[in-house]
Amino acid sequence: MIDLRLVREDLGAVRAAYERRGGVEGLEAVVELDARYRALLGRVEALRAEHNRASKAIGKASPEERPAAIEDARVLAEQLKDIEVDLERLEAELNDAASFLPNLPHHSVPEGTSEDDNVVEREVGDKPDFDFEAKDHVALGESLGLFDSERAAKTSGSRFVYLTGKGVILELSLVRFAIDFLLERGFSPVVTPVLVRERAMYGTGFLPAEEFEYYKIEKDDLYLTGTSEVALASMYADETLGAEGLPVRYAGMSTCFRREAGSYGKDTKGLIRVHQFDKIEQFSFAHPDDSWDEFAAIRTNQEKILQALEIPYRVLVMCGSDLGAVAAKKVDNEAWIPGGNRYLELTSATNATDYQSRRLNIRYKGAGDKGLVHTLNGTACAVGRTIVALLENHQRADGSVSIPGALRPYTGFDSIAPE
RNA sequence: GGAGGCGUGCCCGAGUGGCCGAAGGGAGCGCACUGCUAAUGCGUUAAGGGGGGUUACCUCCUUCAAGGGUUCAAAUCCCUUCGCCUCCGCCA
């Protein structure tokens, strides 16, 4: 949710910001609804004030005056009832319309109307120069016994895997590596609930816009989260944080569930696009004045992790139309995967500014300074896809895969060879 | 799954229909006093929103877990939900 006050007071600025997204539908409707809402609100409040006065007078009235006083108040109460219903309806209409308005893009976000307008900011690391034909991670995983998609399809359907053998050790090692990395940088580790109420989904902006993408447990009215971001952001719903304690940083760990609706036929094999995967996430609650510094810190962490794992990548700044609803700015890191001869999104960093905190009502308070916090999130390690990048980049001619030095203390082995 | 209890301001806690945005205590802050890390006195300390304003403020509305209901009037009565606690059953 964006700040409607801004829509009222500086509509031009809002329009200009939305231009970066290639224009946004529904803004004019919100402007009109808001004006009508405030006009009616004024009338309702005046009537309420009158009714409150009349009602209080009853308590002080003498027994003889009472019947007439009660009648006066009753008439006012009746008028109120009608007009309040209108107000509620109008408010709901306004909120509904406003909740579809996306966040205002940061001025540094490139304008754009499609993903073709995303900007490659940098390329980092050397792509491996193999003197043999690179295999993709599916072939490597199969020959190394790291996962089993076929049997998973039998039990659960397509896009599920059994991680097996050293694949499990790799997974656990990456998790612990990422957690340790973030611990050193002031992040508190949390394992989050993966089933959440609707409010958490709505508050983080995954609803109403992306409902089709997430599993819902109808029987208990709970959603399976697609990222720990949902539960992390919701942790402090309706709370006020001390300004002096900001930023508050969490390293969230959870299994993530995605329906992948509409992606039939894409990345059907292996670990790239699965319904269930594990992910370590950075999440920060920051002071509005500092949130862009925090954004930079989160991005730095992401890049250092990729560098430690010796994965070549490029930095992709998302253009206005590719931001999604909540992001004021979003930057992805895409790993080079030689087996696929392409780039693959491995991490994503978002500054949601006050878009989530307004919906979740998360505030901060300092000396003479209060407001809504800014929320930021960024992948630390999407385990499945990271394994893909490790396998494809560190494969050797004999079909084995070497483990980067930073990970060896965790794996306990320095390569994986075919059985 | 069954039975019961509870949910008030930063904290504790009073409050069963109007005089309650809310006693009292604690804690914090300010001032006073005190020759000193104390005691005392006085004052003060919630959030959100609308309108006005010479932006120091004024005014109105809303909020006593959340939502709904009864009533001229609800922290107070009724219903639902959520959370916490106790007991029984069950299970890891």
Side-chain angles (χ1 to χ4, degrees), chain A residues 1-11 30-99 191-203 217-223 230-231 234-246 248 285 287-288 354-373:
Chain A
M1 187 87 84
I2 65 165
D3 188 358
L4 288 183
R5 215 172 308 184
L6 202 62
V7 172
R8 261 169 236 156
E9 289 166 9
D10 198 353
L11 185 58
V30 169
V31 170
E32 190 261 341
L33 281 168
D34 179 59
R36 275 169 55 202
Y37 168 74
R38 276 181 304 135
L40 190 57
L41 182 65
R43 283 173 51 205
V44 167
E45 289 191 347
L47 199 55
R48 273 181 189 157
E50 203 182 330
H51 176 252
N52 285 345
R53 276 195 297 274
S55 202
K56 277 186 181 166
I58 294 171
K60 289 167 187 146
S62 66
E64 308 84 67
E65 300 171 327
R66 277 211 173 207
I70 290 178
E71 178 59 17
D72 284 351
R74 199 188 56 74
V75 169
L76 286 169
E78 250 170 41
Q79 291 175 11
L80 249 185
K81 211 168 272 180
D82 290 341
I83 196 172
E84 276 181 334
V85 169
D86 292 343
L87 184 71
E88 260 172 53
R89 195 177 306 135
L90 199 51
E91 187 178 18
E93 229 177 298
L94 172 62
N95 280 339
D96 195 50
S99 75
V191 176
T192 62
V194 294
L195 286 168
V196 301
R197 292 212 173 100
E198 185 173 58
R199 190 202 176 186
M201 292 295 283
Y202 177 84
I217 314 290
E218 289 288 351
K219 196 172 176 186
D220 295 287
D221 212 20
L222 292 167
Y223 289 84
V230 179
S234 302
M235 235 161 99
Y236 289 118
D238 298 318
E239 292 191 40
T240 301
L241 308 176
E244 65 289 343
L246 298 176
V248 175
F285 299 90
H287 190 285
D354 59 9
Y355 195 84
Q356 293 177 325
S357 58
R358 183 168 291 107
R359 291 184 178 203
L360 289 168
N361 189 27
I362 306 172
R363 311 184 157 270
Y364 72 91
K365 191 174 169 186
D369 175 33
K370 60 183 178 180
L372 296 160
V373 300

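Order of the sequence lines fixes the chain letters, A, B, ..., with proteins taken first and strands second; residue numbering starts at 1 for each chain.
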Just checking [X]: base, sugar-phosphate only, or nothing, at a heavy-atom cut-off of under 4.0 Å?
X	value
Arg53(A)	nothing
Leu41(A)	sugar-phosphate
Asn52(A)	sugar-phosphate

Hey, does the side chain of [X] come within less than 4.0 Å of [N]'s phosphate (OP1/OP2), counting only N and O?
X	N	value
Arg38(A)	rG51(B)	yes
Arg199(A)	rC82(B)	no
Lys365(A)	rC10(B)	no

Measure [atom1]/[X] against [atom2]/[N] and give the value in whole Å, please.
X	N	atom1	atom2	result
Glu239(A)	rC10(B)	CD	P	12 Å
Glu45(A)	rG52(B)	CD	C1'	13 Å
Met235(A)	rG83(B)	CE	C1'	17 Å
Glu198(A)	rG67(B)	CD	C1'	15 Å
Asn361(A)	rG49(B)	CG	P	10 Å

Between [N] and [M], how many Å separate the two [atom1] atoms, rounded to a whole number?
N	M	atom1	result
rG52(B)	rG67(B)	P	28 Å
rU76(B)	rC6(B)	P	14 Å
rA46(B)	rC11(B)	P	13 Å
rU86(B)	rC79(B)	C1'	25 Å
rG25(B)	rG18(B)	C1'	27 Å
rG50(B)	rC85(B)	P	39 Å

Q. Is any side-chain N or O of Arg197(A) under 3.5 Å from a base N or O of rG83(B), one able to act as donor and the other as acceptor?
A. no
Q. When you match Arg5(A) and Lys81(A) each to their closest nucleotide on RNA chain B, which lands nearer the 5' end?
A. Arg5(A)
Q) If you find the nucleotide of RNA chain B closest to Gly371(A) and the one closest to Arg48(A), which residue's nucleotide is nearer the 5' end? A) Gly371(A)
Q | Intra- and interstrand pairs of RNA chain B - dot-bracket, Watson-Crick/G-U under 3.5 Å, | marks other strand | A | ((((((((.[[[..)..(.....]]]((((((.......))))))(((((((....))))))).[[[[[..)....]]]]])))))))....
Q: Measure across Tyr364(A) and Val373(A) and return the closest heavy-atom pair with its distance rounded to 0.1 Å.
A: CB-CG1, 3.6 Å
(Q) Which nucleotide wins on minimum distance to the side chain of Ala49(A), given the candidates rC72(B), rC61(B), rA46(B)? (A) rC61(B)
Considering only distance and modelled atom types, tabulate donor-acceptor pairs under 3.5 Å from the side chains of residues 78-94 of chain A, sequence neighbours left out.
residue: Glu78(A); atom: OE2; partner: Arg74(A); partner atom: NH1; Å: 2.7
residue: Glu84(A); atom: OE2; partner: Arg48(A); partner atom: NE; Å: 2.8
residue: Glu84(A); atom: OE2; partner: Arg48(A); partner atom: NH2; Å: 3.0

Q. How many angstroms lie between OH in Tyr236(A) and CG in Leu241(A), if you round to the nearest 0.5 Å?
A. 6.5 Å
Q.
For the CZ atom of Arg8(A) and the CG atom of Asp3(A), what is their distance to the nearest 0.5 Å?
A. 8.0 Å
Please tell me if the side chains of [X] and [Y] come closer than 4.5 Å, counting only heavy atoms from C-beta onward.
X	Y	answer
Pro288(A)	Leu372(A)	no
Leu222(A)	Arg197(A)	yes
Ile217(A)	Tyr223(A)	no

Q) Got a sec: does the CZ of Arg43(A) have more than 12 other heavy atoms crowding it under 6.0 Å? A) no
Q: Could you classify rA22(B) for me, syn or anti, using a glycosidic angle within 90° of 0 as syn?
A: anti
